[in-house]
Amino acid sequence: MPRFFIILSGLIPLFATILVLRHFDLQTGLIEVSSLPLSWPFAIQPELERTQHVYDVVEDGRSPLDAITFTDDDDPPPSPVSAEESTVPGQFTRRIVAVGDLHGDSPNAHTVLQMAGVVDASGDWTGAVDVFVQTGDIIDRGDDTIKLFLWMDRLRDQAHAVGGEVMSHLGNHEWMNVIGDWRYVYPSEIATFGSVAARQKMLSTGRIGKSWSANYTTTSRLPLHPALGAPNTDFDPTSTFSRTSPLSHAAISFVHGGLAPNYPDLTPFPSRINELGQALLRKLQRRTPPPPHPPHPYPGLPADATDAEKGLYDGSSGPLWYRGWALEPEDKACSAVDDVLQRTGTRRMVMGHTPDFHMRRENHHYRHRYFARVWRRVVGAFNHVYPNTASG
């Protein structure tokens, strides 16, 4: 009999892990509307850009947005996510919704979040999800910057009031704008602020800038059960729990670009990356805003930025611009992903940044790479750039 209880005590945590992760897999496979050819250039770092015209206006006077052609997929339209979820009695569930790049498109963003059950028809928090994650790039390429950031603040307050959580991230486009790199800003969007100077103030010391400083991180780590720690609890690989428990890595990481295997400031995760982000953001917001580029020269990072802060933004392996998990060959990426997951104390990475319009729905889930270890949630919602691509 004692031997039976010893065996049973070892099996219970194992089965608990399987149930938690299995439920998470079912709850996070959201919706893809269509499959489209890639018709829009990726944003690129300023030192690599030599020919970008101000505001992306082409010679015939039209924005590239007006010149894009698309082909529709034959897939049927998705069904809205129901707030009613079937659960196993006694089983802990946590419904997590992650949405990628919004890029200034408030109507499409509302469509996506309502489709996912995050908000109702009025745009208010439904309480049907436990955690809503937005992986950055709310700004640029559209006119609804102010509306979207104020809406995110409202949802954050509404969620906290009923025990929910909104986790927000700064994408490379937020960083570009606070640096003074306005290559993807349209004159019509500037007009919503009133002037260039008013826009600069809003993003530095104004309401949006203050919210970035208080509520936004560069990356995050979300344990799948509250008993495993609060959101953004650091993973400690030296602890007895991390070395012995089958639940030590029962968490998900979220980031805009990606967590590269060769990024030197990956650990301790996520605090090291977020501390660098906070330090660099303070320096950028406290300096006198430089004249925006273009037409003025690219201003670059502050002169007192450390090498680590420069690597966070400018480095090819930094979490804001990295595209390796999306673009590297499958075999190369698969061989590297487990090491990153091990070091960050996670089972999955979720990111935005790099569009993939060749995804196909499989059993109403996104196709994901490397046996469900890497998830790309792109495009979030920006109808200005990719019409009819709302997804979460």
Side-chain angles (χ1 to χ4, degrees), residues 43-49 52 54 101-104 134-141 145-146 148-150 152-153 167-185 189-190 192-220 232 255-257 263-265 270-322 352-353:
I44 63 174
Q45 290 160 290
E47 63 272 17
L48 302 178
E49 177 64 80
Q52 179 74 38
V54 60
D101 307 30
L102 302 180
H103 279 310
Q134 203 284 317
T135 59
D137 277 13
I138 291 175
I139 203 167
D140 277 352
R141 291 176 166 165
T145 300
I146 297 174
L148 285 169
F149 281 114
L150 297 188
M152 291 297 112
D153 287 344
M167 301 178 71
S168 300
H169 300 78
L170 296 176
N172 62 304
H173 281 266
E174 279 77 33
W175 286 97
M176 290 166 68
N177 275 266
V178 75
I179 288 169
D181 182 356
W182 289 16
R183 286 174 294 149
Y184 301 91
V185 180
E189 191 261 10
I190 295 175
T192 67
F193 288 85
S195 67
V196 168
R199 189 178 191 273
Q200 290 173 320
K201 182 176 180 180
M202 179 75 86
L203 301 185
S204 55
T205 60
R207 182 167 179 177
I208 293 177
K210 288 178 179 178
S211 185
W212 287 358
S213 179
N215 302 312
Y216 286 69
T217 61
T218 303
T219 188
S220 59
N232 287 330
V255 68
H256 180 67
Y263 180 59
D265 291 296
S271 65
R272 174 59 177 166
I273 292 175
N274 289 334
E275 287 167 0
L276 289 173
Q278 282 294 312
L280 181 58
L281 184 63
R282 282 194 299 270
K283 293 175 181 178
L284 288 165
Q285 290 182 325
R286 290 175 181 174
R287 75 177 179 180
T288 300
H293 164 75
H296 301 281
Y298 174 65
L301 297 179
D304 60 347
T306 67
D307 288 342
E309 290 164 0
K310 293 175 183 176
L312 179 81
Y313 181 76
D314 287 334
S316 60
S317 64
L320 299 166
W321 288 95
Y322 184 67
H353 189 46

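Sorted by first and then second residue, the salt bridge (Lys or Arg N to Asp or Glu O under 4.0 Å) pairs with a member in residues 200-215 form an empty list; sequence neighbours excluded. For the side chain to side chain donor-acceptor pair (under 3.5 Å) condition, the pairs that include at least one residue of residues 274-287, sequence neighbours left out, are K283-E309.
Every residue was checked against the side-chain hydrogen bond (donor to acceptor under 3.5 Å, both in side chains) condition with T218, not counting sequence neighbours, and none meets it. For H169, there are no ring-ring contact (aromatic ring centres under 6.0 Å, His included) partners, not counting sequence neighbours. Under the rule for a side-chain hydrogen bond (donor to acceptor under 3.5 Å, both in side chains), N232 has no partner lying at least two apart in sequence or in another chain. Looking at residues two or more places apart in sequence or on another chain, you find a side-chain hydrogen bond (donor to acceptor under 3.5 Å, both in side chains) between S211 and D153, N215. Shown here are the side-chain contact (heavy atoms from CB on, under 4.5 Å) partners of Y313, two or more places apart in sequence or in another chain: P46, W175, M176, I179, L280, Y298, L301, L320, W321. Take T217 and apply the side-chain hydrogen bond (donor to acceptor under 3.5 Å, both in side chains) test, not counting sequence neighbours, and it matches no residue. In this structure, T288 has no side-chain contact (heavy atoms from CB on, under 4.5 Å) partners at least two apart in sequence or on a different chain. Take D140 and apply the salt bridge (charged side-chain N to carboxylate O under 4.0 Å, His left out) test, not counting sequence neighbours, and it matches no residue.
In this structure, CG in D307 is found 11.0 Å from CG in L276, a value given to the nearest 0.5 Å.
The nearest pair of heavy atoms linking S317 to Y322 is CA-CD1, 4.1 Å. Closest of all the heavy-atom pairs between P270 and T219 is CB-CG2, 3.7 Å. The minimum heavy-atom distance between L170 and H256, with the atom names listed, is O-CB, 4.2 Å. The two residues A198 and F193 come nearest to each other via the heavy atoms CB-O, 3.4 Å. Residue Q200 comes nearest to P290 through the heavy atom pair NE2-O, 2.9 Å, listed as atom of the first residue, atom of the second, then distance. When all heavy atoms are compared, the tightest approach of I208 to I146 is CD1-CA, 4.3 Å.
Not a single donor-acceptor pair under 3.5 Å links the side chain of D265 to the backbone N or O of I273. Between the side chain of W182 and the backbone N or O of P294, no donor-acceptor pair lies under 3.5 Å. Judged purely by atom type and a 3.5 angstrom limit, D137 has no side-chain atom pairing as donor or acceptor with the backbone of H103.
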- Query: Would I139 and L203 satisfy side-chain contact (heavy atoms from CB on, under 4.5 Å), going step by step from the backbone distance to the final call?
  - Reply: CA-CA 11 Å; I139 203 167; L203 301 185; 4.1 Å; yes
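Side-chain contact between E174 and F149 is present, with at least one heavy-atom pair separated by less than 4.5 Å. Residues R199 and V185 meet the side-chain proximity criterion, which asks for heavy atoms closer than 4.5 Å.
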